[in-house]
Amino acid sequence: MKTKDHLEILRQMLRIRHFEENLYKMYLAKQVPGMSPHLSVGQEAVAVGVCHGLKAQDYVLTTHRGHGHVLAKGANMNRMLAEIMGKETGYCHGRGGSMHIADVKLNIVGANGIVGGGLPIAVGVGLSCQYQGKNAVTVCFFGDAAANIGAFHESLNMAAVMKLPVIWICENNQYGLSTHIKRTLAGESIAARGAAYGIPGVRLDGNDVLAVHVAANAAIERARAGQGPTLIEADTYRWYGHGASDNRSYRTREEEAAWKERCPIKRYVAGLLNEKIVTQEQVGQLEKVAEREVQEAIKFANESPLPDPATVTDYIFSA
Amino acid sequence: MKTKDHLEILRQMLRIRHFEENLYKMYLAKQVPGMSPHLSVGQEAVAVGVCHGLKAQDYVLTTHRGHGHVLAKGANMNRMLAEIMGKETGYCHGRGGSMHIADVKLNIVGANGIVGGGLPIAVGVGLSCQYQGKNAVTVCFFGDAAANIGAFHESLNMAAVMKLPVIWICENNQYGLSTHIKRTLAGESIAARGAAYGIPGVRLDGNDVLAVHVAANAAIERARAGQGPTLIEADTYRWYGHGASDNRSYRTREEEAAWKERCPIKRYVAGLLNEKIVTQEQVGQLEKVAEREVQEAIKFANESPLPDPATVTDYIFSA
Amino acid sequence: MAEMTYRQAIAQAIIEEMDRDPNVLMLGEDVGPFGGAMAASKGVHARFGSRRVIDTPISEEAIVGAALGAALTGLRPIVEIMFIDFTTGCMDMIANQVAKVRYMLGGQVQVPLVIRTQGGAGKSYAAQHSQSLEMWFAAIPGLKVVTPSTPAEAKGLLKSSIRVDDPVMFIENKVLYGDKGQVSDDPDFLIPIGKANVVRPGANVTIVSWSRQLLLSLKAADALAAENIDCEVIDLRTISPLDMDAILASLSKTGRLLVVEEGHKSFGIGAEISARVMEQGFDLLEGPVQRVATLDTPIPFSPVLEAVAIPNAAKIAAAIRAMFAGT
Amino acid sequence: MAEMTYRQAIAQAIIEEMDRDPNVLMLGEDVGPFGGAMAASKGVHARFGSRRVIDTPISEEAIVGAALGAALTGLRPIVEIMFIDFTTGCMDMIANQVAKVRYMLGGQVQVPLVIRTQGGAGKSYAAQHSQSLEMWFAAIPGLKVVTPSTPAEAKGLLKSSIRVDDPVMFIENKVLYGDKGQVSDDPDFLIPIGKANVVRPGANVTIVSWSRQLLLSLKAADALAAENIDCEVIDLRTISPLDMDAILASLSKTGRLLVVEEGHKSFGIGAEISARVMEQGFDLLEGPVQRVATLDTPIPFSPVLEAVAIPNAAKIAAAIRAMFAGT
Ligand SMILES: Cc1ncc(C[n+]2csc(CCOP(=O)(O)OP(=O)(O)O)c2C)c(N)n1
Ligand SMILES: Cc1ncc(C[n+]2csc(CCOP(=O)(O)OP(=O)(O)O)c2C)c(N)n1
Ligand SMILES: [Mg+2]
Ligand SMILES: [Mg+2]
């Protein structure tokens with residue numbers, strides 16, 4: 001991998017980290033309306049490891065915990081934050097909010113407030129690419145707990161039977177809300193469920209961005225070559241609660257500390273420094289740039305107008 | 001196995017065969033209202049092989065193709081046929097018809113017109129037995145095509161994670177309506193999906209009643225011992241179409257002939273005669289008894305009154 | 001013009017639109033070589049093959065999801081859900097995704113998607129195969145709900161549904177598939193969505209109905225003509241959006257309104273029509289709007305029970321007579 | 001009597017009924033030690049443990065199915081579906097199984113099952129977490145639909161729901177969980193299902209509402225009192241079966257009726273009430289029944305948009321004033 005790739009991967013992880021950390025502060029300061037946002041701090045390696053291998057024509061579908069995925073696919077922070085603050089300049093003109101940020105021009109075709117809601121749609125995006133002979137793959141992110149919902153099964157089966165170019169990325173952050181996945185998931189793992197559909201199931205360290213990248217790229221190539229879907233289970237951890245307001249009564253501070261030790265950014269940076277691929281200065285510079293981008297987005301969002309209430313019924317129908 | 005078991009197994013298979021064959025004739029003669037009935041001719045070994053090992057306290061849930069299952073659990077033909085004819089004396093007082101025959105006193109707690117509709121309910125019956133410390137298992141029948149619906153996944157996962165005494169019996173008759181299962185099922189087999197939930201998945205010849213019985217009994221014992229569910233996939237074939245009116249354009253007469261060669265009753269009888277467990281006379285006698293039972297049921301159903309239209313809203317609520 | 005059945009009209013609409021636009025494709029259970037459980041896509045697979053006419057697993061949620069994903073990325077899918085009762089298995093996709101995604105994304109996408117399905121009772125199919133669930137979909141903003149009652153409507157409305165850029169619930173009726181009628185063969189024969197049709201002009205009372213009950217309403221109107229009750233019969237065609245202009249225009253002539261529907265009486269389509277007439281046409285009313293509908297019971301299997309549960313021409317006529325009793 | 005919040009009242013109802021009857025158990029996502037996403041089962045797990053308070057996978061269809069199977073075989077389950085929007089994932093179980101199984105089996109079974117969930121907008125939770133879907137369930141025969149608006153109602157209605165032998169959709173409101181009120185500690189404190197309650201007697205106009213909008217209606221009534229408009233406010237409490245006797249009795253005093261609901265205006269509960277009043281109380285009406293409801297749009301996220309989409313006290317008061325304009 002080239003240095004510029006490493007720098008780009010690091011840059012993207014830092015963008016996500018700074019975006020989410022600032023959003024958390026804004027939430028505490030009561031600057032964010034609605035549900036307490038679902039932050040992805042700690043999970044940056046999955047979003048970036050996967051999206052770094054995607055091309056512009058490739059599609060992404062994300063979840064309620066989707067800020068990292070859309071950033072990694074190239075979304076604009078100004079419009080994201082404006083959306084989260086319910087502003088007219090947001091991606092969805094304030095109609096969607098944190099759980100529905102998408103940039104369709106970047107082929108991010110939807111986030112979802114429904115657990116598992118993106119999976120059936122991803123099947124259709126894959127079908128569409130296959131039908132139209134587009135050389136595009138579709139990445140569908142979902143959480144560990146989503147692996148227990150019926151839509152998971154229907155979607156993985158249908159995509160497999162149609163050999164669609166879909167890559168199923170399960171971010172196993174160990175919990176669905178308060179419930180540890182071990183208490184609700186029968187069977188050995190989520191990855192092992194791939195076999196039920198005759199597709200590869202890969203489990204890996206989701207805090208190792210290069211491991212994610214390598215596995216995702218293999219899946220992307222496989223999909224592009226018409227060999228059908230792959231299921232990847234990436235073990236990771238969300239540092240904050242389910243939403244920013246959750247006090248995490250269901251897990252210990254020790255467990256959290258152990259996972260923070262395995263911070264995907266810290267580990268990656270350590271490796272890069274160690275191998276002298278980047279310098280500490282470069283890292284500091286990227287951090288600054290990321291923080292500046294967020295601060296600009298905050299300014300943009302703050303200064304943006306609210307939607308005109310008279311437009312409330314716009315966008316229901318096309319015509 | 002004792003001779004009396006063999007005789008009972010044979011008796012039950014013949015009851016089903018004669019019931020369904022007569023129902024087919026009645027359908028052709030336009031004596032049956034509603035949808036053309038879903039006949040289970042050819043699949044008798046699954047119903048009987050499984051139910052022969054059940055005790056009175058054990059539960060059964062069945063499907064749109066359920067006549068065989070409820071007969072094998074001991075249902076009364078008079079009340080079944082009366083139900084199918086929409087009579088007041090039917091099991092459901094004519095409210096349910098062919099797809100909803102159940103005898104709750106026999107612990108047959110429901111049939112279903114929705115593919116996969118029984119599976120989530122079976123989880124609850126299993127949970128209820130576990131909760132109440134009943135030494136009872138729950139058998140849930142479903143078709144091959146039902147293995148692709150979300151409810152299958154949610155149910156198998158939940159029952160497995162709760163270690164419920166549920167036995168999942170998939171009658172793989174190769175088709176879901178017109179569609180061969182190979183065209184819609186990803187992965188190697190339905191049985192192989194057991195692994196996704198960490199439960200045993202067994203595939204067997206569903207036209208071999210003793211093989212079914214042995215496998216089912218192992219699953220029943222396992223469930224009774226608190227070791228959780230088992231998934232059994234029994235390969236079989238429905239001789240008639242999806243419904244009695246279906247002209248089977250989607251499969252060849254040769255394929256049908258080959259499967260009829262493997263008739264579960266003929267094979268079983270041949271084995272019994274060969275090993276001199278029964279005589280040809282005994283078989284003939286059992287056939288006669290089965291036919292007589294059906295003829296009596298037809299008479300009963302024909303002579304039974306229709307429901308009183310004034311009672312149409314009875315049974316919606318308890319109170 | 002050619003005579004054909006309701007099911008043939010549907011297949012023809014699909015074929016014509018697939019001929020016209022290579023982005024139209026079809027998905028559903030047994031819709032391929034088998035031609036659909038109601039035989040309403042017979043011949044479509046023979047013409048277009050398995051790439052464009054896709055037999056799916058029994059996976060209602062994924063079927064609608066797949067269609068949605070395709071609609072979001074340049075295709076115009078037609079989905080078949082075999083019975084409207086099975087939309088229970090894809091309600092998340094229909095109500096939370098298909099209906100809302102354009103709005104939630106602030107207009108970034110269009111959803112040109114037709115969900116064909118069929119409902120209705122009258123064939124002793126029992127409680128899980130006989131429902132009329134149009135109100136569920138009408139109640140969700142973001143969906144159009146269309147219900148043809150004749151072969152011509154089936155064709156003209158389906159072609160329009162395929163061409164609009166918004167999601168349409170296209171609800172056929174299981175009893176009507178064999179009905180015959182004259183159907184235009186103009187490849188651009190379109191019946192507009194959102195417009196009701198006065199099928200029978202009349203002076204004394206307005207009957208609003210749709211799908212099979214529309215035909216029974218016409219029967220009732222014939223019977224009542226002999227009693228000097230002149231019924232104007234309106235075929236709603238589209239349930240959502242409701243064509244209140246047509247209803248109010250008729251009401252301003254007749255002063256009386258009966259809604260006839262095969263859905264349950266309580267919380268049905270008739271309730272909304274009645275409420276809107278209350279709000280928008282109160283002064284036009286010479287008497288209360290009445291409803292004839294299915295009893296509030298799961299649909300029973302036995303034909304003798306089903307017959308009393310659902311409307312028929314005699315019940316419709318009786319309801320009309322009662323509206324004139326004492327006048 | 002003790003002061004407690006709406007969520008505490010719910011937890012207390014559950015605890016008391018589980019104490020009373022060992023066959024009552026609870027299932028749902030995060031309902032155990034965590035106490036539920038709305039904290040409405042806080043303390044239940046601590047008292048009864050994991051055998052009777054079961055954290056499930058995210059599998060809405062199987063959750064309701066599991067409860068149904070348990071209800072059919074001797075237990076009395078309480079299920080929590082975290083948001084009413086997620087009932088889209090278990091509509092087959094609710095509408096085709098739970099609601100119909102007793103009927104389809106000709107009365108062979110009872111279904112003592114409570115499905116607790118919560119709906120409503122007002123918190124900027126956007127389109128997939130803010131719906132008021134009571135009409136979907138009211139439209140399905142075989143379900144009772146109950147909607148408490150205060151802590152006392154939450155407790156009394158929930159206890160009744162747990163004790164009836166039929167399935168109940170028990171629909172809480174997300175904005176009300178923190179509301180405080182006096183609640184009886186009588187272990188047999190039951191509020192009957194199917195009976196509405198006159199919360200505020202009045203002479204000039206009747207407002208019918210439920211859940212959060214009931215409280216906003218009371219606010220509007222206070223404001224209008226200063227303008228010499230004396231509102232009678234009825235809390236429906238149960239949506240299905242509808243207590244038409246209470247509505248008609250009030251209407252016969254006031255002659256005017258406004259229905260206030262947080263569901264979309266079209267095809268909502270108000271439509272049914274209006275239609276029934278049309279049929280059963282036409283001569284009582286001094287003017288048309290009116291409805292204040294949510295606009296027919298997916299619920300927007302941005303607070304400024306949501307505020308115009310849903311009803312509030314000012315809109316309710318304005319609608320009442322309009323009913324008297326020109327009189
Ligand atoms: C169908 C459905 N059920 C429940 C919820 C409520 N809910 C939102 S996120 C969540 C936990 C999801 O866990 P997981 O899939 O592991 O994703 P994570 O939040 O851990 O990223 C729950 C229960 C929902 N949004 N949709
Ligand atoms: C959810 C749902 N989808 C579709 C149908 C229509 N349908 C009824 S039976 C059937 C085929 C079922 O095949 P399988 O499960 O293999 O059972 P079999 O009929 O072969 O016994 C279909 C498509 C249904 N009843 N329910
Ligand atoms: Mg998780
Ligand atoms: Mg089959």
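Since the structure is predicted, the reported quantities are computational estimates derived from the model, not experimental observations. Order of the sequence lines sets the chain letters (A, B, ...), proteins ahead of strands, with each chain counted from 1.
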Answer yes or no: is there a side-chain heavy-atom contact under 4.5 Å between [X] and [Y]?
X	Y	result
B/Ile316	D/Arg102	no
D/Gln108	B/Cys92	yes
D/Met104	B/Tyr315	no
B/Tyr91	D/Leu105	no

Counting a contact as any heavy-atom pair under 4.5 Å apart, which residues of residues 94-118 of chain B contact chain D?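 Expected list: B/Arg95, B/Gly96, B/His100, B/Ala102, B/Asp103, B/Val104, B/Val109, B/Asn112, B/Ile114, B/Gly117.
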Can you tell me how far apart [atom1] ([X]) and [atom2] ([Y]) are? Round to the nearest 0.5 Å.
X	Y	atom1	atom2	result
D/Leu68	B/Ser128	CG	OG	11.0 Å
D/Ile54	B/Met158	CD1	CE	9.5 Å
B/Asp314	D/Tyr103	CG	OH	8.0 Å

B/Val312, part contacting chain D, at a heavy-atom distance under 4.5 Å: both
What pair of heavy atoms forms the shortest contact from [X] to [Y], and how long is it?
X	Y	value
B/Ser155	D/Ala62	N-CB, 4.2 Å
D/Gln97	B/Ile121	OE1-CD1, 3.8 Å
B/Gln132	D/Thr73	NE2-O, 2.9 Å

Face-on cation placement of D/Arg51 at B/Tyr131 ring, 6.0 Å and 45° thresholds: yes
